[in-house]
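To keep things clear, I will list the structure first and then write my remarks on it.
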Amino acid sequence: MTPAIKEKIEHLRNTIRYHDRRYYVENNPEITDYEYDKLIKELEHLEKLHPEYTTPDSPTKRVGEEPLTQFPTVEHRIPMLSIDNTYSDAELREFDQRIKRMAGIDAGRDIEYVVELKIDGVAITLWYEDGLFARGATRGDGFKGDDVTANLKTIRQISLKLEPAHKKYKIPRVLEIRGEIYLPNKEFQRLNEEKEEAGEPQFANPRNAAAGSLKLLDPRITARRRLHIFAYAVGFYEGVQLKTHMGCLELIKEFGLPVNPNIRLCKNIGDVIRYCDEWDKRRGELDYMVDGMVVKINTLALHEQLGATSKSPRWVISYKFHPEQAVTKIEEIVVQIGKTGTLTPVANLTPVLLAGTTVSRATLHNFDEVSKKDIRVGDHVIVQKAGEIIPQVVYVLKEKRIGTEKPFVAPTFCPQCKEKVSRDNEEVYLRCHNPLCIAQAKRRIQYFAIRDAMDIEGLGPALIEQLVDKGFVKDYSDIYYLKYEDLVTLERMGEKSSQNLIHAIEESKHRDLDRLICALGIMNVGSHTAEVLAERFDTLDKLASATQEELEGIYEIGPVVAKSTVEFFQNKHTQVIIKKLKAGGVNTSKLVTQILAKNLKVSGKTFVVTGTLQKYSRKEAETLIKSLGGRILSSVSKKTDYLVVGEDPGSKLDKAKELNVHVLDENDFKEMISCK
Ligand code: IVH
């Protein structure tokens, strides 16, 4: 092969990397997107013609081809701890004093700090070996995280290969770079608009959107989310000398990863406080979310000396901003009906930008709150986001009233079913007690399908609205009787999405007992309580016949939960619904006991599924295996126990033969899973 081609390929790669850096890191592109795409296409073309010159760090290798089935776990070489919070100038001064005491530094002397924005995203770590991006992971529990390398590779700001901008820098043997993945506000808004159009649930804030995008199993979708990164620290390193935190940031920048530009080296704590106060006021200027500042001691030797508590290092502290507030107007007050019939007043607002997101609704909690704060339609109010997703109305600007504002009267009838409503036991909430109320049914179905419950992908609020209104579904058990022919007639439901939904519903039949208990929507029983109940009762029937005393006897279950659980199962409607769920094929027992009783062949074994099966989709086969206690791997290795093959299995079959892995065709597989 001509070396000229190799050189040409290398040259193209370097050119693309150069433009990536101009565009993504320096924010200063030299060429148009069109010209850039042409370079990529040319490189792809040459690599196809000369596969022998393909390298894993090529800019064409950012997006993998195959979705994963799960993320492998990686252990962090150095734990990824969290940071202690402070909320005031005084607390920052205390921090400074404490450090000096611990490090034996004279109270009057100054310590140098590096002050950074605290980016509100998802913490990740990038591991480079000999300059090549080897692995990236989420923080997880601080000690172990998920290996999300494939998704991180799709982020163009992350160098696949470290290249110093100046020759004097050597590539370290190992360099672990830590940082925050975030979604700029603009991208967040774009993503939510797309979701709205598709009738899918929207992300509550940019952080959730970033976290969700990073945890997608299909990197091709992650690639479209346009995630960004700011690197803010060096973790483990070998083959390089570092003395200060500023030096670490310089090194990261030198190697082409973006470091936030608003970083300041402060000569003492007074400087730190001034800089924090400055950003408390200015954060609205940013195109991404920040929730405070991070204050770090500059000298690394002091980091060593101070060490860490079990939760956080002693050399760093964060300063949390005051919750952001904005003025807007109440356009309308509407009443929402929850899954247990609770009526909640919600304000529709003139849209306003608050802490980086556009806000158009605020919860008013309950009707007493509305009258206590004297909130009227047409009022100008202060809204605030204090960490939670839904903003709240803090107070009314009464001086802005012009006399046309309308006081709000709490409803006496359910706005949906027109039944009389009444106060609940604690006298705080109004509740509609009609078990047939359509609004409640919709909320219950919605809840049934969410991720923590039956996790039925594609069954979102807009679709449920249609299904109930058209009479296809009255309660959540009807979901299991839906037919493809029903679904395709609905708005925004094509053939593909109808098929996908049918699959998702089918798959949800194999959920474990705790998920089902959670999904039922028993008052006061969320996912944690559902786990506790499933732990104690192996089947839904056993739980349904438990007495109040029996339930109260369980650690963590109090009289309130016990009462609502007993009442739930005594209800005639519930009993009918549960019968229908069972008849529809929904699993109602704990899967672990099923495994022990039924399927010792699958439990604990590892499987790879490949090719087209007749009876199941690949995903169904995998869910089945998982529900019987087996584990799914994405590729064949020595650790694989079985390869399940359908038609056109491809290279995985060759690999399995080579490694002597057991191969099962569809019939063998069916026999295995039905084996009692
Ligand atoms: S330093 C132990 N710097 O805040 C210190 N963290 O609550 C290592 N974060 O998990 C982190 N911006 O995800 C550091 N400039 C910054 C940061 C930052 C955001 C996040 C990070 C961490 C969390 C701690």
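Order of appearance sets the numbers: ligands from 1, and atoms from 1 within every ligand.
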Quick check on ligand 1: any N or O pairs to the protein under 3.5 Å? One line per pair.
| from | atom 1 | to | atom 2 | distance (Å) |
| --- | --- | --- | --- | --- |
| ligand 1 | 3 (N) | Lys296 | NZ | 3.0 |
| ligand 1 | 4 (O) | Lys118 | NZ | 3.3 |
| ligand 1 | 7 (O) | Lys118 | NZ | 3.4 |
| ligand 1 | 12 (N) | Ile119 | N | 3.0 |
| ligand 1 | 13 (O) | Glu180 | OE1 | 2.4 |
| ligand 1 | 13 (O) | Glu180 | OE2 | 3.3 |
| ligand 1 | 13 (O) | Tyr232 | OH | 3.2 |
| ligand 1 | 15 (N) | Glu116 | OE1 | 2.7 |
| ligand 1 | 15 (N) | Leu117 | O | 3.2 |

**Request:** Apply the test side-chain contact (heavy atoms from CB on, under 4.5 Å) to residues Arg135 and Thr149: give CA-CA distance (whole Å), side-chain angles for both, the deciding distance (0.1 Å), then the verdict.
**Result:** CA-CA 5 Å; Arg135 201 164 48 255; Thr149 311; 3.9 Å; yes
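Inter-residue side-chain proximity for Asp84 and Thr309 is flagged as unmet; no heavy-atom pair is nearer than 4.5 Å.
When the side chain to side chain donor-acceptor pair (under 3.5 Å) test is applied to Gln157, no partner is found at least two apart in sequence or on another chain. Checked against side chain to side chain donor-acceptor pair (under 3.5 Å), Tyr288 has the following partners two or more places apart in sequence or in another chain: Asn260. Scored by the side chain to side chain contact (heavy atoms under 4.5 Å, CB included) test, Asn348 finds Glu332, Val334, Arg361 as partners (sequence neighbours excluded).
Using a cut-off of 4.0 Å between Lys/Arg side-chain N and Asp/Glu carboxylate O, Glu94 and Arg98 are scored as not salt-bridged.
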